[in-house]
Every structure is written in C-alpha cells, then in structure tokens.
Amino acid sequence: MKLPYAEPFRIKVVEPLRTSTKEERAKWIEDAHFNLFNLRSEQVFIDLLTDSGTGSMSSHQWAEMMLGDESYAGASSFYKLKETIEELLGFPYMLPTHQGRAAENVLFSAIIGKDGTGKVVPGNSHFDTTKGHIEFRNARAIDCTIDEAFDTTIDHPFKGNIDLEKLEKVFKQYDRENIPMCIITVTCNTSGGQPVSMQNIKDVSALCKKYGITVIFDAARFAENAYFIKIREEGYQDKTIKEIVREMFSHVDGCTMSAKKDGIVNMGGFIGLNSKELYEKASVFNIVFEGYLTYGGMTGRDMGALAVGLKEATEYDYLEQRVGQVAYLGRMLRDYGIPVQEPFGGHAIFVDAKRFLTKVPKEEFIAQTLGVELYIEGGVRGVEIGTLLADRDPDTRENRYPDLELLRLAIGRRLYTDSHMEYIAAALKNVYDRRDEITKGLKIVKEAPIMRHFTVELERA
Ligand SMILES: *Cc1c(COP(=O)(O)O)cnc(C)c1O
C-alpha cells in the first residue's frame, strides 16, 4: 500500500505543556473577561491562536544561530539570506525588515507615497495589515477575488484566484498613475489559506503588464501555495517545489514577506525586488523605519536562521506533512459531522460557528462563544474570525455582522503531533455533542475604539 506521510523530523528538545482541569479553565477564562488573548500561555494546553512566529526551528537553524554575524554593516548572515532569496525566489535586490507589516510599510512608502488619496490597490482579499498600510496612506484596497471564494459549500481548488474581469474593470476605471500596484497574496490568508493557481498568477501578470502595473506578491505562505499547485494543477506533478516557487516569482516584480510564516522563524521579514530603481527608493525608508540595509530590524543570527528556514520550507516532505496535518484535523472534524470550511486551507481549519451553535443569537458573538467553549472543554485556544473582529462601522458605530462567523484553528509549523490533532478533534466533538445546551453567548462590557478584538472585555449574556 501507499505509505502515509510521517513527520519528516524527530524531536530533540521538548517543551513541556501544562495540563489543567475544566474547573480551572472556567475560572481562568472568566478572569480573562472571556477574551482568549488575555490568557497566559501556561493556561493553554494546545495553542492554535496563530501560525505566525510559532513554528519550531530545526537543528540546522539553531546551528546557524551560533554562526550569526552581528556586524552592523556587511554581516555574512545578511549575505547568506540575500543569496538564498536570489537563488530561491530570483530577486537580485532584498531588504530585511523586522516582520511582514514592516516590509509593507517600507515598500508602500516607496510605491504609494505619503498621500495616496485617489489611488487604489487591487488584489485578492488583502490581509489586515496590508489593507491597513494602504488605507493609512489614504489609498483604497479593492478586492478582486473570484466569487467562489465566498461560498463555503463550493469546492474549488484555487479559491485564492483573482477574477480577471474584476481586475480589468479596475484598470479601466482608474488612471494608470492611480494604480501603484496589484497585490497577489499567496496563499490568501483572509479567504482561509486558499491557494492561487500558476495559471492565474500568469494571467494576472500578463494583464498587469498590458496596463503597465507593478505586480507584488504578499508572499507569507508562498511555499504552501507552491505545494497546492504541485498537487492540484495540471502539469506540475513532476516539478519540484523549488522549481514551482521559481516559476511563481518569475511572474512578479517584487514581494513583501512575513518570515514568521513560511520562513519558519519566530520573527523577521523582507522585501524582494527586481528593480534597482525601486530598491533604491525603498532603501531610504528602510533606513528610516527599520535599520541599516544589511540588517533592517533583524539580528545576524535571525537572518541566518531565516536563510535555512526558507530552504527547509520549500522541501516537498516538509510541506506534505505540514499541509497533510492540517487536512488530517479537517477530515476528523468533518467525519464527526462538525461544519468546517472546505477545501481545507494550508495553515488552518475554519469551523463554521453559525452552523455549529445554531441557538446562540448573532448579537451574542457566536464564534467567540464557541472559542470559549472549546477552551473550557480541552484547553485548546483558537481565534474568532467573526463579529468581534469585524468591529463597528466607523460612521454609524453599529456592529458589523460578517457573512461568516468562524473559529480559526491555526496550526504551527512542526509544532504539534498528530496526537494533538486527535485531542483537538475530540475536544471539539464533545462541545458539538452538547451544542443544543449552548443557547447563550457573550456581551461586551468594555471595548477599544478600533481593533477591539485584542482587548475587548466580555461577560456571559
Ligand atoms: C502575517 C501576514 C502579514 C503581516 O506579517 P507580520 O509578520 O505579522 O507583520 C501580511 N500578510 C499576510 C498574508 C500575512 O499572513
């Protein structure tokens, strides 16, 4: 028979996890005002809050940490990273930054400028920080994702794809000088870690070329995207992940990267560029905001570990286990009858809270209620992607109710074993079995004027 994947690593160092009782957790979450962000990590058994910066580094990465060159200028660790990025992604120019949003800040300062009033940046469901950096400059993000992405019941292999008609409409509606760039997010985090096909990358790139528009990858999960192309897209089965990655990046002019995702480091980011002119323009902002050109907010040891992490993240065996483990959790939940978003994304499983807790009214934060129940049940911490996150309308100050109320279970890279996945599925199944008894949700006691989900205080409704 075909052998299943098994973790392509063994464990050299372990980090003990603290178990706790349901009674303890019920008290802790009450003390935390029913906000999962307020819990201390020791109060959590399995932490699925995010896959950002939570991955485990390999022995090769730790070895590289010892070789870190902490020279202010011209450090060898910088050149290791620069050469790796050129070899893997093909960009001759690179600027290190302290994380992904810093790369956005620097690049957008160069591309959009200080005041982007009247300018638009089309793309596929821009990530929050990306949108934030566009809107902070008074420009606007236009979502051109295909319609299929917004229907959880449709099975489409590349729900991160950009709709070419929607994109061309933007190109026809605005002048060339008011469209500083088009951003393709691979994989598309906001639409559930859904991939973009090579064909779509090619088509978007060709259309942008026709209109003279710069194309940028938001590349946080580029390796996971390449894996989906290999297994789902005609003609890529026999190509290596590294060949697919090289081809993906050959169609764009540059990228911003949050290395906390597919760089498998705990902190870091970078900008990759083909154009010397744009690199020189961005360099000025990198020095102002991040640091000198050969460290830009990262230590030498971090740049070294990132160089190794990028190579490891583009290995087939690593990705097969990584994406396979997420799907393993998804399949177990589906088999228990629990409503989850499909197809499964690359880095997380999204539980459809509205179809799970049908008796909790939408005014009482359904997905947050489910997150609290899962925490009390098994000490598993997910994150709400629903009404709390959607926040209030800036004009009317009314709550915005998004179409989907989701509980995201994000899986760290090389972090947990398949037994942990079985535990998570069992805990959620127990909540599912008593779902009809859960009729009340939560209400807000205190909230911040923006980004309320981080600090909101709630009580039982
Ligand atoms: C995480 C992320 C970012 C921002 O990166 P940080 O390192 O958190 O600043 C940008 N885009 C995408 C798609 C991301 O997932």
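Residue numbers start at 1 and run along the sequence shown. Whatever order the structure lists ligands and atoms in, that order sets their numbers, starting from 1. Atoms considered below: every heavy atom in the structure, side chains included; atoms not considered: hydrogens, waters and symmetry mates.
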- [ ] Find out whether T256 and R101 are in side-chain contact, i.e. whether some heavy atom of one side chain is under 4.5 Å from a heavy atom of the other.
- [x]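 The answer is no, as the side chains (C-beta and beyond) never meet within the 4.5 Å cut-off.
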List of N/O pairs, ligand 1 versus protein, all under 3.5 Å?
| unit_1 | atom_1 | unit_2 | atom_2 | d |
| --- | --- | --- | --- | --- |
| ligand 1 | 5 (O) | S258 | OG | 3.3 |
| ligand 1 | 7 (O) | G100 | N | 2.9 |
| ligand 1 | 7 (O) | S258 | OG | 2.7 |
| ligand 1 | 8 (O) | Q99 | NE2 | 3.4 |
| ligand 1 | 8 (O) | R101 | NH2 | 3.0 |
| ligand 1 | 9 (O) | Q99 | NE2 | 2.8 |
| ligand 1 | 9 (O) | G100 | N | 3.3 |
| ligand 1 | 9 (O) | R101 | N | 2.8 |
| ligand 1 | 9 (O) | R101 | NE | 2.7 |
| ligand 1 | 11 (N) | D218 | OD1 | 3.2 |
| ligand 1 | 11 (N) | D218 | OD2 | 2.8 |
| ligand 1 | 15 (O) | N189 | ND2 | 3.0 |
| ligand 1 | 15 (O) | R221 | NH1 | 2.9 |
| ligand 1 | 15 (O) | K261 | NZ | 2.8 |

Donor-acceptor contacts, no H, no angles, side chain residues 208-219, under 3.5 Å, sequence neighbours left out:
| unit_1 | atom_1 | unit_2 | atom_2 | d |
| --- | --- | --- | --- | --- |
| K210 | NZ | E168 | OE2 | 3.4 |
| Y211 | OH | E168 | OE2 | 2.6 |
| D218 | OD2 | T130 | OG1 | 3.3 |

Task: Exercise: do H453 and E384 side chains pair donor with acceptor under 3.5 Å - done: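 On atom types as modelled, these side chains do not qualify, holding no pair under 3.5 Å.
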Got a list of side-chain donor-acceptor pairs under 3.5 Å for residues 276-288, not counting sequence neighbours?
| unit_1 | atom_1 | unit_2 | atom_2 | d |
| --- | --- | --- | --- | --- |
| K281 | NZ | A110 | O | 3.2 |
| S283 | OG | Y279 | O | 2.7 |
| N286 | ND2 | P96 | O | 3.2 |

Can you give the donor-acceptor pairs under 3.5 Å from side chains of residues 72-81 to other protein atoms, not counting sequence neighbours?
| unit_1 | atom_1 | unit_2 | atom_2 | d |
| --- | --- | --- | --- | --- |
| Y72 | OH | Y295 | OH | 3.2 |
| S76 | OG | D69 | OD2 | 3.2 |
| S77 | OG | D69 | N | 2.8 |
| S77 | OG | G300 | O | 3.3 |
| K80 | NZ | E64 | OE2 | 2.6 |

TODO: Measure centre to centre between the rings of F344 and F350, then say whether the value is under 6.0 Å.
DONE: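 Distance test on ring centres: not under 6.0 Å, no.
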